[in-house]
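Residue numbers begin at 1 in each chain, while the letters A, B, ... track the order of the sequences. Note that the structure is predicted; figures quoted are calculated from it, not measured.
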Protein chains: 4
Amino acid sequence: MSGLEAVRRAAVRLFAERGFAATGIRDIARAAGLNSATLYHYVGSKEDLLTGMLRESQEDLLRAGREAFAGSADPAVQLARMVRAHVATEAVNPLTSRVSDHEVHSLTGPGRAVIVGLRDDYESLFHKALARGARTGQFLITDLPVARYALIEMCNGVADWYRPDGRLSVAELQDRFSELACRMVGGRLVRRAECDPPVAITRLSWEPLTPAGPEQASA
Amino acid sequence: MSGLEAVRRAAVRLFAERGFAATGIRDIARAAGLNSATLYHYVGSKEDLLTGMLRESQEDLLRAGREAFAGSADPAVQLARMVRAHVATEAVNPLTSRVSDHEVHSLTGPGRAVIVGLRDDYESLFHKALARGARTGQFLITDLPVARYALIEMCNGVADWYRPDGRLSVAELQDRFSELACRMVGGRLVRRAECDPPVAITRLSWEPLTPAGPEQASA
Amino acid sequence: MSGLEAVRRAAVRLFAERGFAATGIRDIARAAGLNSATLYHYVGSKEDLLTGMLRESQEDLLRAGREAFAGSADPAVQLARMVRAHVATEAVNPLTSRVSDHEVHSLTGPGRAVIVGLRDDYESLFHKALARGARTGQFLITDLPVARYALIEMCNGVADWYRPDGRLSVAELQDRFSELACRMVGGRLVRRAECDPPVAITRLSWEPLTPAGPEQASA
Amino acid sequence: MSGLEAVRRAAVRLFAERGFAATGIRDIARAAGLNSATLYHYVGSKEDLLTGMLRESQEDLLRAGREAFAGSADPAVQLARMVRAHVATEAVNPLTSRVSDHEVHSLTGPGRAVIVGLRDDYESLFHKALARGARTGQFLITDLPVARYALIEMCNGVADWYRPDGRLSVAELQDRFSELACRMVGGRLVRRAECDPPVAITRLSWEPLTPAGPEQASA
DNA sequence: GATGAATGAGGATTCATTCAT
DNA sequence: GATGAATGAATCCTCATTCAT
């Protein structure tokens with residue numbers, strides 16, 4: 001594992017565990033097995049690290065969302081595919097996703113607008129699918145923005161509790177959430193096969209290899 | 001407004017906007033119109049402030065949840081009442097709720113276990129209603145823990161976007177979320193009247209009076 | 001016990017236990033059962049407290065030393081009487097004496113010179129007795145200043161270990177030290193009776209009533 | 001001189017002059033020619049500094065005491081050798097010794113017990129020599145603990161007044177104190193030659209190079 | 001007499017970052 | 001690539017002291 005990757009993974013883990021502001025540059029360096037001065041050979045600044053991380057994470061989510069959306073013309077399938085892609089992304093990159101969901105407010109520089117823009121683009125995909133489904137009568141949606149918020153928040157939550165070594169496989173997780181989402185908007189249940197080929201979700205190079213885990217002693 | 005209340009409200013606002021770790025004691029003091037040394041006249045420490053805030057918030061949510069649960073024997077009504085209480089709490093105390101949802105990890109002392117315990121108690125109320133509804137066949141729940149997580153996360157999200165001066169009244173918000181929740185678990189739609197008398201949700205003394213608002217300049 | 005006395009005793013105890021610089025005005029107030037603002041009705045400042053304490057203590061020691069010196073024309077008896085007076089003073093006012101011995105350097109104002117002057121006057125009494133005894137041949141003193149320092153330091157030490165409720169009464173303590181001092185300077189042993197009438201040693205109003213004792217819990 | 005040594009010497013000087021509690025970390029840094037943040041590169045904390053200093057000083061004194069004691073089987077020579085070693089240690093490391101004598105009470109952590117243990121071990125050496133001398137009849141000791149306290153206090157005092165550039169050489173100082181000590185316990189006078197080879201006393205790396213001196217202005 | 005509230009200065013310590021080696 | 005040393009600014013918090021009530 002290269003130095004840069006070690007830094008990124010250490011940063012993601014710590015930002016996820018303690019939050020950006022509560023994490024020191026020395027903590028990251030120590031967790032990456034580097035001297036804190038050496039860390040600056042790989043990274044411009046602490047905020048650069050966060051910016052890069054959020055951008056890559058958000059871009060990946062947006063890409064997955066677009067693929068999911070483009071995979072069908074049926075709003076029900078579009079929604080199911082997007083939810084499946086979203087929860088899989090959160091499940092495969094739980095720590096990065098957690099930071100992505102919680103630390104946007106820590107960005108101060110110009111990078112912030114970029115991230116917010118990406119998130120808005122992503123949310124508009126949900127809007128489009130929900131709006132069309134509502135228009136065609138496939139969905140029963142009393143309030144479109146509320147439904148959209150609820151759907152996305154529900155999916156975001158996955159990063160907070162899902163454990164890869166737990167009871168549920170990613171595919172099962174996707175099935176469960178697909179069902180919940182379809183029911184929530186009053187749509188028909190979309191079977192897993194209808195969503196094939198699934199959107200490919202890959203682990204980000206930022207995501208730490210070992211899951212959360214308490215206190216990885218170094219000595 | 002007393003000094004203590006001013007401190008608490010300032011702290012909630014800043015913790016909600018920037019996060020606990022990124023908020024300085026001087027920032028809080030300035031926002032409360034006090035010298036930072038004076039602040040310590042009212043409060044033991046920065047962490048005490050957070051602990052007290054999370055406890056009061058979590059206790060209030062638990063109380064509301066219990067009242068909601070106790071108001072009916074029908075799982076569908078129980079769920080609807082709990083969701084209504086939860087979103088109303090988030091809508092009436094958006095900033096406090098935001099902090100409550102995001103800053104548990106910032107607690108280090110013994111207070112942490114207390115807060116986590118309260119949250120667990122709260123979640124068990126949802127578990128009970130969902131489990132019974134599933135047993136009686138009123139709900140269609142493939143995976144109970146997943147449904148519980150999804151429901152609660154969806155409700156928590158409210159604090160992140162709801163604006164009291166926006167399009168939706170609290171009552172309308174409750175109607176929307178009640179509908180989404182009922183559909184999500186495959187239950188019948190519960191009308192507002194069935195939830196009467198509603199659980200009373202009051203503004204916490206910690207909640208700032210003016211809503212979020214960007215950068216209340218003081219000078 | 002008046003408020004002023006309570007403050008003085010609390011201050012002496014804390015200065016003796018933790019040192020002047022490490023003792024806060026609030027600590028003193030709490031130990032005296034007062035609000036820290038109320039304390040300022042009795043005392044001008046923290047340093048005033050120390051100054052007054054050192055002066056009263058040093059004046060008392062000087063008075064005792066003078067009485068001891070004046071009680072006889074025989075250098076041996078003079079020395080014995082002075083040593084007896086000194087150790088009795090330390091034994092009867094152990095905490096005040098301890099502060100007196102250790103905290104002169106904490107004085108910054110003009111009071112410092114006064115205290116140092118008193119101490120010099122006191123030391124000159126020893127010098128006079130030793131010098132005359134050496135001249136008359138009653139004492140065998142190779143180095144007068146060294147002997148004087150050694151004698152006084154030896155006596156000062158009493159405050160650090162003597163316990164009124166211990167094995168030794170004050171009179172026995174005096175006997176022991178008188179013997180040590182006489183031997184040290186090569187003089188004849190002076191019996192207790194030769195030192196009558198003894199110098200009266202009274203407890204200072206500053207000296208706490210209960211001995212040192214660890215952690216006098218207040219609640 | 002290395003940075004660490006500079007910090008140590010500056011700390012010793014200031015602790016000796018003003019006391020531990022009255023010395024600021026910034027004062028130490030300034031006296032060492034460092035920024036106060038840089039100081040933390042060398043030292044863990046202010047208390048660590050004191051702990052290390054007291055331990056090294058006390059260990060050195062104990063080592064010297066043991067060598068002195070082991071150098072002879074005659075209690076009189078043992079006592080003379082120990083007194084000579086003690087006063088030489090105080091004379092060669094006056095500032096470190098002063099802190100060592102006065103600041104044990106400033107220790108709060110677990111290091112305190114260690115220091116107190118070392119001091120107890122040291123005192124027991126005196127006890128052994130005095131006890132045996134009393135048993136053999138070489139010493140006339142009415143009260144053994146009192147004699148031990150008096151001896152040690154008398155020696156400790158040296159750090160408070162001895163000046164290396166003064167009237168007395170270290171060897172002369174040793175001669176004077178040896179004489180005083182022998183007389184004090186009613187023993188025979190032990191000549192310097194009987195104490196050969198003398199215990200080697202070396203300057204601690206903590207001891208400032210220039211003597212006390214008032215206010216070494218840096219600018 | 002007594003006290004809650006207030007404050008500027010300063011306490012020890014950690015911060016992100018730089019740079020010569 | 002790597003690091004020990006360095007630093008100004010900032011961290012949370014405590015200080016002795018004052019004053020209106």
Asker: Stepwise, does the side chain to side chain contact (heavy atoms under 4.5 Å, CB included) test hold for D/Leu54 with D/Trp206?
Answerer: CA-CA 10 Å; D/Leu54 294 200; D/Trp206 296 74; over 6 Å; no

Asker: State which of F/dT3, F/dT7, E/dA16 makes the closest approach to the side chain of A/Ala37.
Answerer: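 That would be F/dT3.
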
Asker: For B/Leu39 and D/Ser36, take the nucleotide of DNA chain E holding the closest heavy atom to each; which residue's nucleotide lies nearer the 5' end?
Answerer: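 The residue whose closest nucleotide sits nearer the 5' end is B/Leu39.
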
Asker: When the distance from CG of B/Leu34 to C1' of E/dG4 is rounded to whole Å, what number comes out?
Answerer: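 Atom-to-atom, B/Leu34 to E/dG4, this comes out as 13 Å.
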
Asker: Please, what dot-bracket string fits DNA chain E when only Watson-Crick and G-U pairs with both distances under 3.5 Å count, crossing ones use [ ] and pairs to another strand use |?
Answerer: .||||||||||||||||||||

Asker: For F/dT21 and E/dG1, measure between their C1' atoms and round to the nearest Å.
Answerer: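 Taking atom C1' in both F/dT21 and E/dG1, they lie 13 Å apart.
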
Asker: Are side-chain heavy atoms of B/Phe20 and B/Lys46 found at a separation under 4.5 Å?
Answerer: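 A side-chain contact under 4.5 Å exists here.
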
Asker: Identify which nucleotide among E/dA2, E/dA6, E/dG11 has an atom closest to any side-chain atom of C/Thr38, counting heavy atoms from C-beta outward.
Answerer: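 Per side-chain heavy atoms of C/Thr38, the pick is E/dA2.
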
Asker: Looking only at the side chain of C/Arg26 (C-beta and beyond, no hydrogens), which of the listed nucleotides F/dT17, F/dA5, E/dG10 gets closest?
Answerer: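 Nearest listed nucleotide: F/dT17.
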
Asker: Less than 4.5 Å apart, side chain to side chain, heavy atoms only: is that true for D/Phe15 and D/Leu95?
Answerer: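 No - every pair of side-chain heavy atoms lies 4.5 Å or more apart.
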
Asker: With heavy-atom distances below 4.5 Å as the criterion, would you say the side chains of C/Arg8 and C/Met53 are in contact?
Answerer: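 Not in contact.
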
Asker: Between D/Thr108 and D/Glu47, do the side chains contain an N or O donor and an N or O acceptor separated by less than 3.5 Å?
Answerer: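 The criterion, which ignores hydrogens and geometry beyond distance, is satisfied for D/Glu47 and D/Thr108.
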
Asker: Nearest of F/dT7, F/dA2, E/dT17 to any side-chain atom of A/Ser45?
Answerer: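 That would be E/dT17.
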
Asker: Has B/Tyr42 got a side-chain N or O lying under 4.0 Å from the OP1 or OP2 atom of E/dA6?
Answerer: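 Answer yes for this pair, as a side-chain N or O of B/Tyr42 is under 4.0 Å from OP1 or OP2.
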
Asker: Within the side chain of D/Arg9, is there an N or O that forms a donor-acceptor pair under 3.5 Å with the backbone of D/Glu207?
Answerer: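 Side chain of D/Arg9 to backbone of D/Glu207, a donor-acceptor pair under 3.5 Å: yes, one is there.
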
Asker: State whether the side chain of A/Arg203 and the backbone N or O of A/Pro208 hold a donor-acceptor pair below 3.5 Å, judged by distance alone.
Answerer: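 Yes, because the side chain of A/Arg203 sits within donor-acceptor range (under 3.5 Å) of the backbone of A/Pro208.
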
Asker: Tell me which nucleotide among E/dG4, F/dC13, F/dA16 gets nearest to the side chain of B/His41.
Answerer: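 Among E/dG4, F/dC13, F/dA16, the one nearest the side chain of B/His41 is E/dG4.
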
Asker: Round to a whole Å and report the spacing from CZ of B/Arg30 to C1' of E/dT7.
Answerer: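 Taking atom C1' of E/dT7 as the reference, CZ of B/Arg30 is at 16 Å.
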
Asker: On DNA chain E, does the nearest nucleotide to D/Asp27 precede the nearest nucleotide to D/Asn35 from the 5' side, or the other way round? Give the residue.
Answerer: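 Taking each residue's closest nucleotide, the earlier one in sequence belongs to D/Asp27.
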
Asker: For A/Thr23, answer base if it contacts any base atom (sugar-phosphate contacts may also be present), sugar-phosphate if it contacts only those atoms, and nothing otherwise; contact means non-hydrogen atoms under 4.0 Å.
Answerer: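 If one applies the 4.0 Å heavy-atom cut-off, A/Thr23 turns out to touch the sugar-phosphate alone, with no base involved.
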
Asker: Please determine, for the side chain of B/Lys46, which listed nucleotide (E/dA16, F/dA16, F/dC13) has the closest atom?
Answerer: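 It is F/dC13.
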
Asker: Could you check C/Ala21 against D/Gly3 and say which one's nearest nucleotide on DNA chain F is further toward the 5' end?
Answerer: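 Closest to the 5' end, via its nearest nucleotide, is D/Gly3.
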
Asker: Give the rounded distance in Å between these two atoms: CG of D/Leu4 and C1' of F/dA6.
Answerer: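 After rounding, the reported distance stands at 16 Å.
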
Asker: Expressed in angstrom and rounded to an integer, what is the separation of C/Ile25 atom CD1 from E/dT3 atom C1'?
Answerer: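 Computing the C/Ile25:CD1 to E/dT3:C1' distance gives 16 Å.
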
Asker: Is any side-chain heavy atom of A/Leu50 closer than 4.5 Å to a side-chain heavy atom of A/Val99?
Answerer: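 Touching, per the 4.5 Å side-chain cut-off.
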
Asker: Tell me the interatomic distance from A/Glu5, atom CD, to F/dG1, atom P, rounded to whole angstroms.
Answerer: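 So the CD-P distance, A/Glu5 to F/dG1, works out to 14 Å.
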
Asker: Within the structure shown, what part of the strands sits under 4.0 Å from C/Tyr40 by heavy-atom distance: base, sugar-phosphate, or nothing?
Answerer: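 Base contact.
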
Asker: Rounded off to whole Å, could you give me the CD1-to-C1' distance for the B/Ile28 and F/dT11 pair?
Answerer: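 Result: 13 Å.
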
